[in-house]
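Take a look at the structure below.
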Amino acid sequence: MQKKLAIVAFVLAAGVMGWWAASGMHVATRFEIPVETEIEDEFGDKVKKTVWKEGFELGLLDGAAPAACGLVAAGVVLLFLGRKKAA
């Protein structure tokens with residue numbers, strides 16, 4: 001039972017890191033996402049305009065790493081306890 005829970009913890013840790021990688025691999029969590037649009041001004045020049053939209057992108061230092069490290073530590077402890085109990 002403990003081995004199965006440890007495997008679940010490792011899979012969840014990999015899932016958290018995968019979510020972090022898929023959402024842009026930012027160092028800190030972002031709650032506003034910049035969206036750049038290119039518009040043409042009155043003189044015919046193309047100008048980039050940044051609009052900030054509310055959103056959520058998981059950060060490494062304040063979200064993904066602590067969660068993944070906690071899950072890995074829980075998995076290691078469960079494996080250790082399961083091995084010690086079997087011996």
Side-chain angles (χ1 to χ4, degrees):
M1 179 67 177
Q2 290 172 339
K3 186 175 180 180
K4 291 179 184 177
L5 288 175
I7 291 171
V8 168
F10 292 139
V11 169
L12 286 174
V16 167
M17 293 308 290
W19 180 27
W20 170 72
S23 68
M25 296 192 310
H26 300 288
V27 176
T29 299
R30 296 168 68 175
F31 295 103
E32 291 184 341
I33 314 299
V35 178
E36 289 188 358
T37 58
E38 193 170 285
I39 59 172
E40 191 171 316
D41 64 2
E42 58 271 1
F43 299 109
D45 296 331
K46 293 187 177 182
V47 179
K48 289 185 181 178
K49 182 179 178 184
T50 304
V51 178
W52 293 85
K53 293 187 174 183
E54 288 188 23
F56 180 81
E57 290 181 351
L58 183 64
L60 177 66
L61 297 178
D62 58 349
C69 288
L71 287 167
V72 168
V76 169
V77 167
L78 285 169
L79 284 177
F80 178 73
L81 291 176
R83 183 177 174 106
K84 192 171 185 176
K85 189 176 186 181

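Heavy-atom basis, side chains included; hydrogens, waters and symmetry copies ignored.
The closest side-chain heavy-atom distance from W20 to M25 is below 4.5 Å.
Residues satisfying the side chain to side chain contact (heavy atoms under 4.5 Å, CB included) test with E38, not counting sequence neighbours, are K46, K48. The ring-ring contact (aromatic ring centres under 6.0 Å, His included) check on F80 picks up nothing, with sequence neighbours excluded. Partners of E57 by side chain to side chain donor-acceptor pair (under 3.5 Å), not counting sequence neighbours, listed by chain and number: H26. For L61, the side chain to side chain contact (heavy atoms under 4.5 Å, CB included) criterion is met by V27, not counting sequence neighbours. Here E40 pairs with nothing under the side chain to side chain contact (heavy atoms under 4.5 Å, CB included) rule; sequence neighbours left out.
To the nearest 0.5 Å, the span separating OG1 on T37 from NZ on K49 amounts to 6.5 Å. Taken from CD in E32 to CZ in R30, the straight-line distance is 10.0 Å, to the nearest 0.5 Å.
Applying the side-chain hydrogen bond (donor to acceptor under 3.5 Å, both in side chains) rule to pairs touching residues 61-75 yields T29-D62, sequence neighbours excluded. Among pairs with a residue in residues 64-73, none fulfils salt bridge (charged side-chain N to carboxylate O under 4.0 Å, His left out), at least two apart in sequence or across chains.
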Which pairs of donor and acceptor atoms, one on a side chain in residues 63-71, lie under 3.5 Å apart (sequence neighbours left out)?
none

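Side-chain heavy-atom separations under 4.5 angstrom define the hydrophobic clusters, and the remaining members of the one that includes V76 are F10, V72, L79.
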**OP:** Show your reasoning for whether side-chain contact (heavy atoms from CB on, under 4.5 Å) applies to M17 and L58.
**Re:** CA-CA 10 Å; M17 293 308 290; L58 183 64; over 6 Å; no

Original post:
Stepwise, does the side-chain contact (heavy atoms from CB on, under 4.5 Å) test hold for L12 with V16?
Top reply: CA-CA 6 Å; L12 286 174; V16 167; 5.6 Å; no

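There is a path of hydrophobic side-chain contacts, each under 4.5 Å, that joins L60 to F31.
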